[in-house]
Amino acid sequence: MIEYIFHIDMDTYFVSCERYLEPKLVGKPIAIANEYKRSIAAAISNELKQMGFKSGDSIQIIKQKVKDLVIVHPNYNLYTLISSHIFNFLREKYSKKLEIFSIDECYLQIQLENDQNPVAFAMKIQDDIFQKFHIPCSIGISFTKFLAKMSTNLAKPHGVK
């Protein structure tokens with residue numbers, strides 16, 4: 001048996017939660033934010049990231065440059081609820097050794113047989129999360145939390161490393 005650390009990070013988590021509730025938002029440029037004059041984007045969709053925007057950018061500037069921008073008021077209760085469901089699902093299905101890192105990240109400590117492929121195992125986790133919750137995620141695998149986290153950053157979006 002070999003013990004691995006899987007770092008699971010939900011991709012564009014707040015946006016993905018909103019799209020789970022409202023599928024017509026899929027494919028649209030979305031910013032999670034309040035609409036005050038000096039508001040910033042708490043989260044943004046991949047469509048906005050591809051245009052060069054980042055979380056924390058001014059909503060006013062994004063609105064000026066993206067005419068079809070959809071601004072969604074943050075629903076932190078929803079994000080917390082879905083997160084707890086995902087973590088409970090992972091704990092029940094994959095490993096009791098789950099450490100929550102943030103609202104959209106966790107570490108799973110999993111022992112695999114020598115002949116089991118950890119990348120294929122991670123892809124199964126990704127698929128299960130997406131099928132059940134419609135939330136894409138990236139997964140990094142290593143023998144330490146630090147390296148698993150760094151691997152996840154290389155795997156984004158929706159990859160395994």
Side-chain angles (χ1 to χ4, degrees), residues 6-95 98-108 110 118-141 148-161:
F6 289 72
H7 176 257
I8 301 169
D9 188 355
M10 307 305 149
D11 296 331
T12 61
Y13 182 63
F14 294 175
V15 171
S16 295
C17 289
E18 296 295 344
R19 286 176 170 168
Y20 176 71
L21 277 186
E22 194 61 59
K24 71 179 182 181
L25 295 174
V26 173
K28 295 185 178 180
I30 299 171
I32 306 296
N34 290 308
E35 280 198 77
Y36 304 121
K37 188 171 185 166
R38 296 180 190 222
S39 291
I40 61 168
I44 62 171
S45 64
N46 283 329
E47 292 79 8
L48 289 175
K49 289 178 183 178
Q50 291 169 359
M51 293 179 209
F53 296 104
K54 302 179 298 295
S55 294
D57 283 351
S58 163
I59 286 299
Q60 295 304 317
I61 291 172
I62 298 172
K63 279 171 68 173
Q64 288 172 2
K65 296 181 179 182
V66 182
K67 299 303 176 204
D68 58 342
L69 176 67
V70 177
I71 298 173
V72 178
H73 183 77
N75 184 347
Y76 297 110
N77 290 332
L78 170 70
Y79 311 147
T80 302
L81 179 66
I82 292 175
S83 176
S84 67
H85 286 303
I86 292 171
F87 296 147
N88 287 335
F89 169 76
L90 292 171
R91 192 177 287 115
E92 290 170 16
K93 182 158 185 175
Y94 290 104
S95 177
L98 179 138
E99 180 183 335
I100 297 171
F101 186 69
S102 70
I103 193 168
D104 65 343
E105 294 180 66
C106 70
Y107 293 98
L108 276 178
I110 298 177
V119 172
F121 194 87
M123 291 171 79
K124 171 76 171 120
I125 293 171
Q126 269 184 329
D127 187 53
D128 282 352
I129 291 170
F130 192 78
Q131 292 302 315
K132 189 164 180 71
F133 302 100
H134 304 281
I135 305 286
C137 68
S138 299
I139 301 178
I141 311 161
K149 172 97 168 117
M150 293 301 104
S151 297
T152 307
N153 293 339
L154 297 172
K156 286 195 166 283
H158 199 64
V160 173
K161 196 75 156 168

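Of all non-hydrogen atoms in Ile141 and Pro118, the two that sit nearest each other are CD1-O, 3.4 Å. Closest heavy-atom contact between Pro136 and Phe130: N-CD1, 3.7 Å. Of all non-hydrogen atoms in Ala122 and Val160, the two that sit nearest each other are CB-CG1, 3.7 Å. Looking at every heavy atom in both residues, Ala41 comes nearest to Ile44 through CB-CG2, 3.6 Å.
In this structure the side chain of Asn34 reaches within 4.5 angstrom of the side chain of His73, judged on heavy atoms. Under the 4.5 Å side-chain criterion, counting only non-hydrogen atoms from C-beta, Tyr13 is in contact with Ser83. Contact annotation: the side chain of Met10 never approaches that of Phe133 to less than 4.5 Å [non-hydrogen atoms, C-beta and beyond]. Contact check for Ile110 versus Ile125: side-chain heavy atoms found under the 4.5 Å cut-off. Counting heavy atoms from C-beta on, the side chains of Val66 and Leu48 come closer than 4.5 Å. The shortest distance between side-chain heavy atoms of Asp11 and Lys156 falls below 4.5 Å. Tyr76 places none of its side-chain heavy atoms less than 4.5 Å from the side chain of Ile103. Taking the side chain as every heavy atom from C-beta outward, Asn75 and Asn77 approach each other to under 4.5 Å.
To the nearest 0.5 angstrom, Cys106 atom SG is 7.5 Å from Ile100 atom CD1. We find the NE2-SG distance between His7 and Cys137 to be 10.5 Å, quoted to the nearest 0.5 Å. Between atom NZ of residue Lys67 and atom NZ of residue Lys65 there is a gap of 10.5 Å, rounded to the nearest 0.5 Å. A distance of 8.0 Å separates CD1 of Ile71 from CD1 of Ile62, quoted to the nearest 0.5 Å. Between the CD1 atom in Ile59 and the CD atom in Glu35 there is a gap of 7.5 Å [rounded to 0.5 Å]. Between the CG atom of Leu90 and the CD1 atom of Ile129 there is a distance of 4.5 Å, given to the nearest 0.5 Å.
Listed for the Glu99 side chain is no donor-acceptor partner under 3.5 Å among the backbone atoms of Tyr107. Between the side chain of Asn88 and the backbone N or O of Ser84, at least one donor-acceptor pair lies under 3.5 Å. Ser138 places no side-chain N or O within 3.5 Å of a backbone atom of Pro157 that could act as its donor or acceptor partner. Without hydrogens or angle criteria, Ser151 side chain to Gly140 main chain gives no donor-acceptor distance under 3.5 Å. No side-chain donor-acceptor contact under 3.5 Å links Ser95 to the backbone of Leu108.
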- Chi angles and distances behind the side chain to side chain contact (heavy atoms under 4.5 Å, CB included) call for Tyr20, Ile82: CA-CA 10 Å; Tyr20 176 71; Ile82 292 175; 4.0 Å; yes
- Query: Is there a side chain to side chain contact (heavy atoms under 4.5 Å, CB included) between Leu25 and Val70 once you walk through the steps?
  - Reply: CA-CA 8 Å; Leu25 295 174; Val70 177; 3.9 Å; yes
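Counted within 6.0 Å of NZ on Lys149, heavy atoms from surrounding residues, nucleotides or ligands total more than 12; the atom is thus considered enclosed. Environment of CE in Met123: sparse, with no more than 12 heavy atoms of neighbouring residues, nucleotides or ligands closer than 6.0 Å.
Salt-bridge formation is not detected for the pair Lys132/Asp128: no Lys NZ or Arg NE/NH1/NH2 atom is positioned less than 4.0 Å from an Asp or Glu carboxylate oxygen. Between Arg19 and Glu47, at least one side-chain nitrogen of the basic residue sits less than 4.0 Å from a carboxylate oxygen of the acidic one, meeting the salt-bridge criterion.
Every residue meeting the ring pair (Phe, Tyr, Trp, His ring centres under 6.0 Å) condition with Tyr94, not counting sequence neighbours, appears here in chain and number order: Phe121. A search for ring pair (Phe, Tyr, Trp, His ring centres under 6.0 Å) contacts involving His158 returns nothing, not counting sequence neighbours. Evaluation of the salt bridge (Lys or Arg N to Asp or Glu O under 4.0 Å) rule for Lys49 yields no partner, not counting sequence neighbours.
Test Thr12, Val15, Ile30 against Asn46 for side chain to side chain contact (heavy atoms under 4.5 Å, CB included) and you get one pass: Thr12.
Between the side chains of Glu18 and Tyr79, at least one donor N or O sits under 3.5 Å from an acceptor N or O.
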